[in-house]
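Take a look at the structure set out below.
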Amino acid sequence: MSSSEDDTPLVKGRTENGVKSQDRIPRAVDEDMDKQLPSNGHVEPGVSIRMGPVEEMEVDPPAATNATGKRKARSSLTNGRTYKEESSSEDDKPINKRRRTSQQTKKAAPQDSDDEASDVPLVAIRKPPKVTAAQIGESSDSDTPLTEKLVKDKEKIEKAAAKEAKSIRSKEKAPPKRKQKVESESEDDVPLVAKKKPAPKRASNGVKKPKVESDSDVPLAKKAPAKKANAKGKAQAATPAKKGKAKAKAEQKTEEDNEAQEEEEEYRWWEDPGQGDGSKKWSTLEHSGVVFPPEYEPLPKNVKLIYDGVPVTLHKDAEEVATFYGSMLNSTVNVENPTFNKNFFEDFVAILDKTGHGKDKDGKTVKIKKFEKCDFKPIFEYFDAERAKKKALSAAEKKALKAEKEADEAPYMYCMWDGRKQKVGNFRVEPPGLFRGRGEHPKTGRVKKRVVPEQITINIGKEAKVPEPPAGHNWKEIKHDQTGTWLAMWQENINGAYKYVMLAANSDIKGQSDYKKFEKARELKKHIDTIRKDYRRDLKSEKMADRQRATAIYLIDQFALRAGNEKGEDEADTVGCCSLKYEHVTLKPPHFVIFDFLGKDSIRFYDEVQVDPQVFKNLKIFKKAPKTTGDDIFDRLTTSALNKHLNNYMAGLTAKVFRTYNASWTMARLLREMKVTGSIPEKVKEYNDANRQVAILCNHKRTVAAGHAGSIEKMQEKINGLVYQVWRTKQMMIDIDPKIKKKRGADFFARPEELDNEWVLQHIDALVEEQRQKITKKFEKENEKLKADGEKEMKPKELDERLKVAEDLGKKMRKEHKTGKVEAEGKGPTVEKMEANIEKLNQRIETMKVQMEDKEGNKEVALGTSKINYIDPRLTVVFSKKFNVPIERFFSKTLREKFDWAIKSVDQDWEF
DNA sequence: CTATGTTAATCAGGGAATTTGAA
DNA sequence: CTTCAAATTCCCTGATTAACATA
C-alpha cells in the first residue's frame with residue numbers, strides 16, 4: 001500500500017472538462033461542503049498535509065453522533081417503513097427492488113446519526129425515469145411491502161404446500177409419466193455413447209478422424225463392466241429409499257453408463273495437491289480444430305429483395321447480407337432500432353457498391369439508395385416457410401437429421417488434454433450475420449463477416465497432428481502455447497474482439513478454475529474484516545485518492561457493484577462502480593443514495609439504499625461542482641489502482657471477488673438459517689427463494705416474458721371468480737338458514753368491494769360465453785361424428801336448444817346478482833356443507849394469490865446466472881445431502897456435469 | 001493495446017405441467 | 001366422479017455470443 005502512489009494525481013482525471021478534484025480534502029470541504037472550491041484545489045503530490053486527527057474530521061455537525069441516532073436510523077429500516085412512506089417514487093420502483101431496498105438497507109450499518117440535511121442544500125433528487133415502465137412492468141403489487149412478504153414466507157410455504165403436495169401426488173401416481181421421463185433421460189444419456197460410436201464409422205469417409213477418439217473409445221467400452229458394481233453402490237448410497245423404485249433403477253442404470261465412461265479415466269484433480277500451480281496448462285494437446293458454418297445457399301430464383309417496388313437480383317454476397325436482415329424481420333427489437341437499421345444499411349450498401357447493385361428482370365441496374373425503399377418481406381416469408389417446413393418434419397426425420405449432424409461434428413466435440421478426453425465448448429466458428437450488440441451499442445446491426453480459415457490460429461500440442469484446414473485454405477498460424485487454454489482463436493471484424501475456442505464447462509480445466517475462483521472467495525473471508533475496517537477508516541482519509549478508493553470498495557462490498565472499467569467510444573455506454581458518473585448517483589438526505597445506471601449488458605441497476613453517513617458525505621464531495629452530468633464520480637480512481645490495492649490484502653484479490661464472496665456468503669447464511677422440515681418441494685422452494693435473494697443482490701435480470709401481463713390478469717380473473725363463488729356460497733347459507741345472517745353479521749355476507757357491479761355482470765357474461773363455447777364445440781364434434789358414421793347431422797335448432805342451458809345460467813346469475821339471493825345448490829345442502837365449501841374455496845384463493853405474487857416478483861429476476869457463476873456449488877451439494885433432496889432438483893444435467901467436482905468432493909459438514 | 005478468461009442475457013426448442021375431452 | 005390420453009400452455013435448458021474483468 002504505497003500511499004505515495006495513491007497520492008499522485010492521476011493522469012486520467014477528467015481534466016479535459018476542467019473538472020479536477022483536489023488531491024486532498026481540505027477540512028473546509030468536509031465541514032462545509034457547500035463552499036465552492038477552487039477548481040484547482042490541487043495540492044502538491046507528496047506533500048502530505050496532516051489535517052489533524054481523523055476524529056476531527058468527523059466532528060462535522062452531522063457527526064455529532066450518539067447511540068440514539070444510530071438506533072433510530074436502524075429501526076426506521078428494520079420495519080422497512082419509515083423510508084418507504086417518504087419515498088415518493090415508491091410506485092415506480094420495480095417490485096424486486098423494493099424487497100432489495102429493505103433488505104439491503106439493513107446491511108448498511110449506519111454509524112453516525114446525521115442531520116446532514118441542515119448542513120448542505122440538497123442535491124437535486126431525480127425521480128426514477130419513467131422510461132423504465134417497460135422494464136419495470138406494471139407493478140400490480142398491492143401495498144403489502146415485500147419485506148412483510150419475506151417475513152410471511154413461512155406462511156407462504158404452508159399455503160403453497162397444498163399445491164406442491166398435490167403435484168407430488170400426481171407425480172407419484174403417474175408411473176407411466178415417470179417411466180417416460182426416465183426413458184427419455186436414459187435415452188438422452190445413451191447418445192453420449194452413441195455419439196461416439198458413429199464417429200469411428202465416419203472416420204472412413206471423414207479422414208480427419210483423429211485416432212484420439214477411437215483410442216479412448218475402445219478401452220472405455222471394454223473396461224466399463226469393471227466399474228459397474230462400484231457405480232451401482234454409489235448410486236444407491238446417494239439416493240436412499242426416497243425414490244420410486246422404477247426411477248431409482250433407471251437412474252442407476254444411466255448413471256452406470258455415465259460413470260462407467262467418465263469415471264474410467266477420472267482424474268480427481270481436486271484431490272491432487274500439486275495441481276495447477278504453474279502457468280503451464282497442459283503438456284500434450286490433440287484436437288480436430290473447428291467446424292465452419294455451411295456455405296451460403298443462394299435464394300431460389302423467385303425470391304428477391306424488392307426495391308422501390310421492383311424485384312431485384314443481387315450478387316450472391318450482397319444477397320447473403322440481405323438475407324441476414326430479411327430473416328429477422330420478426331425480431332422487432334432489432335428491426336425497429338434505428339441504429340441497427342442504419343448500420344445494417346451502411347454495410348449493405350458497401351457490399352452492393354463492391355459487388356454491383358441489383359438488377360431488374362431486364363438486367364438493368366437498380367441502384368439501392370434508400371433503406372425505406374427496401375422490402376425484405378419476400379425473403380422473410382421464404383425463411384419463415386423454410387422454418388415451418390423444418391418444424392413439420394416427422395419426429396423420426398428430425399432425429400435422423402440431428403444424428404447426422406452429431407456424427408459430422410463428433411470429431412470436434414472432444415479433445416485430448418494431457419491424455420484425458422475432454423469436451424470442447426464452442427467448436428463451431430460463429431456464423432456470419434448482423435451484430436446484435438445489446439443496449440445502445442453504436443455498432444449494432446453491422447455485418448459480422450464470415451470467418452475464413454486464414455483468420456484462425458490453432459493452438460495444439462507439438463506432437464499432435466494439426467487439423468487440416470478446409471480444402472484450398474490455410475490456417476493463419478499454428479501455435480503450441482502451453483500457457484493458453486484455448487484450441488483455436490480468431491479476431492472478429494466488428495470490435496476486433498478475440499474469439500476463443502475453449503473447453504466445455506464440464507472439463508477439468510474449467511472445473512479447476514471454477515474451483516479456484518470459489519476458493520479465492522473463501523479466502524477473502526479471512527481478510528474481509530480487515531478490509532472493511534480499513535475502508536471504513538479510509539472513508540475519512542484526507543487523501544482524495546484514498547477516500548475515493550475506500551468509498552468505491554464500500555460500494556462494491558455492500559451493493560455488489562462491478563468494478564467498472566473505462567469504456568471506449570464505440571461501445572455501449574454502460575458503467576460499473578469506478579466508472580459511475582455524476583448523474584448515476586442521487587443523494588437523498590440524510591443518508592440515502594439512489595443508484596440508477598445501466599450496467600453490464602445495458603441492464604438497469606436501480607436501487608435506493610441507505611449508506612454510511614460518511615459515504616454519503618463522500619459522495620457529496622465527489623459530486624461537488626464544478627462536476628456535472630457526464631463527469632466521473634471517482635475521478636481519481638481506476639479499476640487497476642483499486643485492484644492493485646486489494647491485492648495487498650490477499651494475492652489475487654480483485655473487485656470481482658467481492659461479488660462471488662458476497663453471493664456465496666449470502667447463500668451460505670440463508671441455507672444455514674433455514675430449518676426446513678417439510679416435503680421435498682418445500683425445501684426446493686426454500687432453496688430457490690435463497691437463490692432468488694442472491695440473484696437480486698447481483699442484479700441478475702431477465703426480460704419480462706411477452707405474455708406475462710396477460711397471464712397475471714388471467715390469474716387475477718380466476719381469483720376474482722373464486723371470490724365471487726365464495727360470496728354465492730355464503731348467500732346459499734342464508735337461503736338454507738335465514739337466521740344465520742344475524743348470527744354471523746352482515747359483513748360476512750357482503751360482497752367484496754373489488755367485485756363491483758360492472759365486474760359481476762362482466763363475469764357472468766364471461767361464464768355464459770364459456771358455457772356457450774363448450775356446448776357449441778361439443779355439438780360440432782358430435783355432428784362430425786354423425787357425419788362420419790353416415791348418419792344425418794343434428795339441426796342448428798338442436799344447438800339453440802342446448803345453448804339455452806347457458807342462457808339460463810346467465811339469467812339465474814343475473815337474478816342472483818340483482819336480488820342478492822342465491823338458491824342453495826347441491827344435494828342435501830346444509831350450512832355445514834357450505835362452510836366446508838367456502839373453506840375449500842378460500843384455500844384455493846390463497847394458493848393462487850401466493851402463486852401470483854411469486855410470479856410477479858419473479859418476472860424479471862434470473863436465477864440461473866447466480867447459480868452458474870456465483871453460488872459455490874458445494875453449498876448446494878451440502879444442502880442436498882443434509883436435507884436429503886436429490887441434487888437433480890437443483891442442478892440440471894449440464895450443471896451436474898459442470899459441478900462434478902463439487903458433488904464428489906464434499907460431505908454435509910462442509911462450510912463455505 | 002493485446003490477450004485471455006469469466007460472466008451474462010437471449011433465444012429457440014423441447015419437455016413438463018396443466019387443462020381439456022372423452023370414456 | 002375417476003382415469004387416461006390428447007391438446008395446449010408454460011417454463012426450463014442448452015447453445016450462443018456479447019460484454020465484462022483482469023493482467
Side-chain angles (χ1 to χ4, degrees), chain A residues 163 166-167 170-171 173-174 176-178 180-181 184-185 188 279 281 328 330-331 333 387 390-391 395 398 402 425-426 428-431 433 435-439 441 443-444 448 457 459 481 483-486 489 491-492 494-500 502-505 509-510 513-514 516-517 562-568 571-572 574-576 578-579 599-603 639-640 642-644 646-647 652 654-657 659-660 698-703 705-708 710-711 714 774 777-778 781-782 785 855 858 860 862-866 868-870 891-895 897-898:
Chain A
K163 177 204 144 209
K166 198 171 131 198
S167 81
S170 70
K171 258 182 223 157
K173 254 198 250 169
K177 230 180 209 171
R178 270 223 167 172
Q180 231 174 9
K181 191 196 157 201
S184 78
E185 242 176 37
D188 227 44
S279 59
K281 305 288 179 18
M328 61 194 295
N330 53 350
S331 166
V333 229
R387 269 191 287 260
K390 222 179 202 170
K391 214 173 167 184
K398 277 185 198 161
K402 204 177 156 193
N426 53 329
R428 293 183 198 92
V429 174
E430 292 176 14
F435 176 71
R436 294 157 89 134
R438 303 199 248 270
H441 198 296
K443 293 189 173 179
T444 192
K448 185 164 120 176
T457 303
N459 193 32
D481 179 3
T483 68
T485 65
W486 50 277
M489 180 210 82
Q491 209 169 0
E492 146 261 31
I494 306 275
N495 301 299
Y498 296 89
K499 300 283 187 161
Y500 293 88
M502 293 189 197
L503 297 196
I509 192 72
K510 291 285 188 185
S513 69
D514 219 27
K516 279 186 203 153
K517 175 183 76 185
R562 294 190 181 83
N565 281 295
E566 286 300 317
K567 295 193 73 187
E571 296 174 89
T574 63
V575 299
C578 294
S579 46
K600 182 175 180 180
D601 291 305
S602 294
I603 296 296
T639 51
S640 56
L642 181 91
N643 285 335
K644 204 167 160 191
L646 290 175
N647 200 54
T654 60
K656 75 190 273 279
V657 180
R659 264 167 83 82
T660 315
C698 295
N699 200 42
H700 291 141
K701 294 195 184 167
R702 57 174 180 177
T703 49
H708 176 79
S711 72
K714 222 165 138 187
K774 253 187 194 166
K777 232 175 167 179
K778 194 174 176 188
K781 238 182 180 163
E782 280 181 25
K785 201 179 172 193
K855 194 168 186 166
N858 247 344
E860 55 174 10
L863 302 192
T865 306
S866 50
I868 294 169
N869 298 301
Y870 288 101
F891 291 156
S892 69
K893 187 170 157 240
T894 35
L895 275 191
E897 284 168 11
K898 169 172 167 147

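Quick caveat: nothing in here was measured; it's all calculated off a predicted structure. First the proteins, then the strands, lettered A, B, ... as listed; each starts at 1.
- OP1 or OP2 of B:dA8 has at least one side-chain nitrogen or oxygen of A:Tyr870 nearer than 4.0 Å.
- Residue A:Asn426 has its side chain nearest to C:dT17 when only B:dT6, C:dA21, C:dT17 are considered.
- Residue contacts shown for A:Lys390 are absent, as no nucleic acid heavy atom lies under 4.0 Å away.
- For the OP1/OP2 pair of C:dT22 and a distance below 4.0 Å, the side-chain nitrogens and oxygens of A:Asn643 include at least one atom meeting the criterion.
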Using a 4.0 Å heavy-atom cut-off to protein, can you give one letter per nucleotide of nucleotides 7-15 of chain C, 5' to 3': B if the base is in contact, S if only the sugar-phosphate is, - if neither? ----S-SS-
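- Across all strands, A:Thr485 comes closer than 4.0 Å only to sugar-phosphate atoms, never to a base (heavy-atom distances).
- When all heavy atoms of A:Ala572 and A:Lys567 are compared, the pair lying nearest together is O-NZ, 2.9 Å.
- Among the heavy atoms of the strands lying under 4.0 Å from A:Gly484 are primed sugar atoms or P, OP1, OP2 only; no base atom is included.
- Across the interface with DNA chain B, nearest-nucleotide mapping of A:Met489 and A:Lys398 shows A:Met489 to be the residue nearer the 5′ end.
- Using a 4.0 Å heavy-atom criterion, one finds that A:Thr639 contacts no nucleic acid atom at all.
- Using a 4.0 Å heavy-atom cutoff across all strands shown, A:Ala655 reaches sugar-phosphate atoms only and no base atom.
- As judged by a 4.0 angstrom heavy-atom cut-off over every strand, A:Gly599 is placed among residues touching the sugar-phosphate backbone only.
- Heavy atoms of A:Gly864 sit nowhere under 4.0 angstrom from any nucleic acid atom.
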